[in-house]
Amino acid sequence: MQNMGDAFGLALQLVFSGDADLLEVVMLSLQVSLTATTVASLIGLPIGALVAIGRFPGRNGVLIVMNALMGLPPVVVGLLVYLHLSRSGPLGFLGLLYTPTAMIIAQTILITPIVAALSRQVLEDLHAEYAEQFRSLCLTKLQIVQALLWDARYSLLTVGLAGFGRAVAEVGAVIIVGGNIDHLTRVMTTAIALETSKGDLALALALGIILLVIALGVNAAVQSVRMTAAKQAYV
Amino acid sequence: MSDALIGLAPAAARRAQSAAILPLAVRDLVLRFREATVLDRISFDLGGTGCTMVMGPNGSGKSLLLKLLHGLMQPSEGQIDWTGHSATDVTARQALVFQKPVLLRRSVAANIDFVLKARGKDPGRCDALLDHVGLGHKALQPARLLSGGEAQRLALARALATDPEVLFLDEPTASLDPASVLAIESIVGDARDRGVRIIFVTHDMGQARRMANDVLFLQRGRIAEHTRAADFFPEPRSQAARDYLNGRIVV
Ligand SMILES: Nc1ncnc2c1ncn2[C@@H]1O[C@H](COP(=O)(O)OP(=O)(O)OP(=O)(O)O)[C@@H](O)[C@H]1O
Ligand SMILES: [Mg+2]
């Protein structure tokens, strides 16, 4: 067991030496979570938009379910996906268990409700402002949705970021469906959990530092885009 | 600016292609919010051409009347008859410049472009429309950073982009400097001369005199009078309008 200071020094060395194993884990993490965020946005944004401008029976029920699903526990999502993908499960024939695809599926399920619920709020607020003007212009539903998505683009960037943040930081779902297999499904969070339990604090800390920097970096980038947009009153 | 350049065909020519929506007949129109009656048994007729000025104190129901006629709201009672069409059927053939215009979070030009494309109009008209309202030099600026008066002009250009047969204007010059007021009046006058039916809310007496063919005067949700301009301005028939013209509070 190393002491904290040594571990931290070693961690920094690892980060700056560009260690190949470390890089592999980081790249897989990004690949899985960015793909999940993209797919979740493709599904979640249209759902959010439809609920935002739609008036249909059962809408309140949909809202409650959407908001409740935002708090899905990752291990439960992991378990459900595992049950479907395991050899005896209904989708077992696809052979996806313990692959990056399985991890993408789990994270997509985890964050689609986040994207849908948060974008619903953003788009509904914007629609409240635009609705009368749009009715005067006799726009179709599709034109309204397109206009809302475009005009809310900077706020929706923050929504996507919230989804990505949740995906890249969760460990419960990916460890169950990915299995933390070296060189195949090992991502930052599962590696941190493993290395910590093995006592290799340097590697765990190095990954922790990178995870933090990614979170900070992405937030800073989105924030600066939003501030530029705000200067033009586009937010 | 020639009509061909801004792409505005004479309204009469366009009207010939589809069934007329003018004259307008309004009968016993009532609008209630819960207990409050904000428009009370409104009846009037509007002919096919010219400019009707809608006047009356704050809260007398002018903006709500416009929204009802434009089909944006449903009345509690009564009929709006655009020559056999209901108000919601003819929304697309009309345009309304709102009292507080809502502009998209885009550039000035993109605001016009959006409407031209959405309504299947020639996108090439954008520049000419902006020039027409004196905003050509602001085309690339963010629309939401326009001054109050510039925003009103953009809203007017956007309304004209839809080639309306009826143009509702809700105090479009309320925050404009005197030169801009005249500029807007000349643009609206052009539209009227092309056959666009104008229904114009204002508190500006001079403007009403310059623009009106007839005046519809509202007070507390009722029509105090509907009079030809030539008769209204020398001596309104109703006490409410006389008090209003003399600057006495009539709310
Ligand atoms: N959604 C609403 N619910 C309840 N009352 C309303 C609503 N909208 C408008 N009103 C009331 O209806 C009345 C008429 O409103 P309207 O906006 O038509 O007045 P206006 O004549 O346009 O006044 P102004 O000259 O100030 O623009 C007002 O007293 C207003 O408070
Ligand atoms: Mg008003």
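Chain letters run A, B, ... following the sequence lines, proteins first and then strands; every chain starts at 1.
- Here B:A118 is the residue among B:P101, B:A92, B:A118 with the most heavy-atom pairs under 4.5 Å with chain A.
- A:Q133 CD to B:L103 CG: the interatomic distance, rounded to the nearest 0.5 Å, is 8.0 Å.
- Chain A forms the most heavy-atom pairs under 4.5 Å with one residue out of B:L96, B:V115, B:L72, and that residue is B:L72.
- In this structure, B:H85 places its NE2 atom where more than 12 heavy-atom neighbours from other residues, nucleotides or ligands lie under 6.0 Å away.
- Surrounding CZ of A:F56 are more than 12 heavy atoms belonging to other residues, nucleotides or ligands, all under 6.0 Å away.
- Of the possible polar contacts, none joining the A:Y234 side chain to the B:R144 backbone as a donor-acceptor pair under 3.5 Å is found.
- For chain A, no part of B:F168 is nearby; none of its heavy atoms comes within less than 4.5 Å.
- Dense packing is recorded around CG of A:L216, with more than 12 heavy atoms of other residues, nucleotides or ligands lying under 6.0 Å away.
- With values rounded to the nearest 0.5 angstrom, B:Q94 atom CD is found 9.0 Å from A:C138 atom SG.
- Using a 4.5 Å cut-off on side-chain heavy atoms (C-beta onward), B:T91 and A:R135 make no contact.
- In this structure, chain B has heavy atoms under 4.5 Å from both the backbone and the side chain of A:A147.
- The closest side-chain heavy-atom distance from B:R105 to A:Y130 is below 4.5 Å.
- More than 12 heavy atoms of other shown residues, nucleotides or ligands fall within 6.0 angstrom of atom CZ in A:R55.
- Contacts with chain A were tallied for B:M73, B:K117, B:R158, B:R119; B:R158 has the most, counting heavy-atom pairs under 4.5 Å.
- Only the side chain of A:L139 comes within contact range of chain B, judged by heavy atoms closer than 4.5 Å.
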